Amino acid sequence: MERRCKLAPSLLEADYRFLDEQLKEMERAGADCVHIDVMDGTFVPNLSFGMKMIQSIRRSTRLEFDVHMMVQEPHRFMEWMIKAGADTLTVHYEACKDVEKTLAFIKNAGIKAGVALKPGTSLEVLSTPLLKMVDVVHLMTVEPGLEGQVFIPESLNRISEVRKRLDEVHPACDIEVDGNITPENIKSVVAAGASIIVAGKAVFTGNMVDNICRMRQLMAD
Ligand code: DX5
Ligand code: ZN
């Protein structure tokens, strides 16, 4: 199946003094969506953005908001996140009491639903009914929530394995990769089957426009 790869700059690594400007520049440079990490200090040892912030920056860009909930029991916040402007809501399998119920709630709201797995979570948790109901399988390629980690090489096998399963049961579903994706490894994650590429430091370190163009070009080659 022909699939267009998308680049999703991760706002966590932006310069927060100039968010409005950076979102507009990101859109002009050819980013496909904005990745927004929500952290609760419990599921991951850090805090980040919340609903008010998302609602406020919604006015800065037309780019899709890809919201990654690194939050314990994320169902508590689903309604507010949808109102705030999420286009995709991704919840961690490990954080949900009833992951299928949470995903069904997202789907019923008319937006895209994603399920995320930490690097150590067995792929066996991805049952066929679960794969059929999501728009995105989000594979963490570092441990979530901590900065400065390196890409886990075993992730490539996990991407191919999930792609194979999806091709059998839900070919339209995307695989999103998140954590230390760089110009050096972007081609290998795309070749393994990833189609939504999150990039933080690789986009925001140095010249953002040049970085986005380079990453997009490497994805397409
Ligand atoms: C990691 C976050 C990522 C992070 C990616 O916990 O989920 O979205 O911001 O940033 P890089 O690409 O710099 O690892
Ligand atoms: Zn993320």
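In listed order, ligands and their atoms are each counted from 1. Given the structure is predicted, the values throughout are model-derived calculations rather than measurements.
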Undergrad: Measure across Gly179 and Thr141 and return the closest heavy-atom pair with its distance rounded to 0.1 Å.
TA: O-OG1, 2.7 Å

Undergrad: Short N/O distance, under 3.5 Å, between Lys201 and ligand 1?
TA: yes

Undergrad: Would you check the N or O atoms of Gly145, main chain and side chain alike, for any that come under 3.5 Å of an N or O of ligand 1?
TA: yes

Undergrad: Nearest N/O/S atom of Asp37 with respect to the Zn ion (ligand 2), by atom name, please.
TA: OD1

Undergrad: Is there an N/O/S atom in His138 that lies less than 2.8 Å from the Zn ion (ligand 2)?
TA: no

Undergrad: What is the name of the N/O/S atom in His68 that sits closest to the Zn ion (ligand 2)?
TA: ND1

Undergrad: Counting from 1, what ligand 1 atoms have a heavy atom of Asp178 closer than 4.0 Å?
TA: 2 (C), 3 (C), 4 (C), 5 (C), 7 (O), 8 (O)

Undergrad: Are there over 12 heavy-atom neighbours, none belonging to Arg214, within less than 6.0 Å of that residue's CZ?
TA: no

Undergrad: Should we say atom CZ of Phe77 is surrounded by more than 12 heavy atoms from elsewhere, each under 6.0 Å from it?
TA: yes

Undergrad: So which of Gly200, Gly148, Ala8 gets nearest to atom 12 (O) of ligand 1, if we judge by its closest heavy atom?
TA: Gly200

Undergrad: Does an N or O from Glu13, backbone or side chain, lie closer than 3.5 Å to an N or O of ligand 1?
TA: no

Undergrad: Out of Asp135, Val162, Val137, which one pairs with Cys173 under the side chain to side chain contact (heavy atoms under 4.5 Å, CB included) rule?
TA: Val137

Undergrad: Relative to each other, are the rings of Tyr16 and Phe49 parallel, tilted or perpendicular (30° and 60° limits)?
TA: perpendicular

Undergrad: Find all atoms of ligand 1 within a distance of less than 4.0 Å from any non-hydrogen atom belonging to Pro144, and give their numbers and elements.
TA: 6 (O)

Undergrad: Consider ligand 1: state whether an atom of it lies below 4.0 angstrom from any non-hydrogen atom of Gln149.
TA: no

Undergrad: Of Met70, Glu73, Met78, which is the lone residue that meets side chain to side chain contact (heavy atoms under 4.5 Å, CB included) with Val91?
TA: Met78

Undergrad: As a test of reading the structure, name the N/O/S atom of Asp178 that is nearest the Zn ion (ligand 2).
TA: OD2

Undergrad: Aromatic ring centroids of His92 and Phe43 under 6.0 Å?
TA: yes

Undergrad: Can you list the ligand 1 atoms lying under 4.0 Å from a non-hydrogen atom of Ala199?
TA: 12 (O)

Undergrad: Find, among atoms of His35 that are N, O or S, the one nearest to the Zn ion (ligand 2), and state its name.
TA: NE2

Undergrad: Between Asp174 and Lys6, does a salt bridge (charged side-chain N to carboxylate O under 4.0 Å, His left out) hold up when you go through it step by step?
TA: CA-CA 10 Å; Asp174 281 298; Lys6 294 183 175 176; 5.4 Å; no

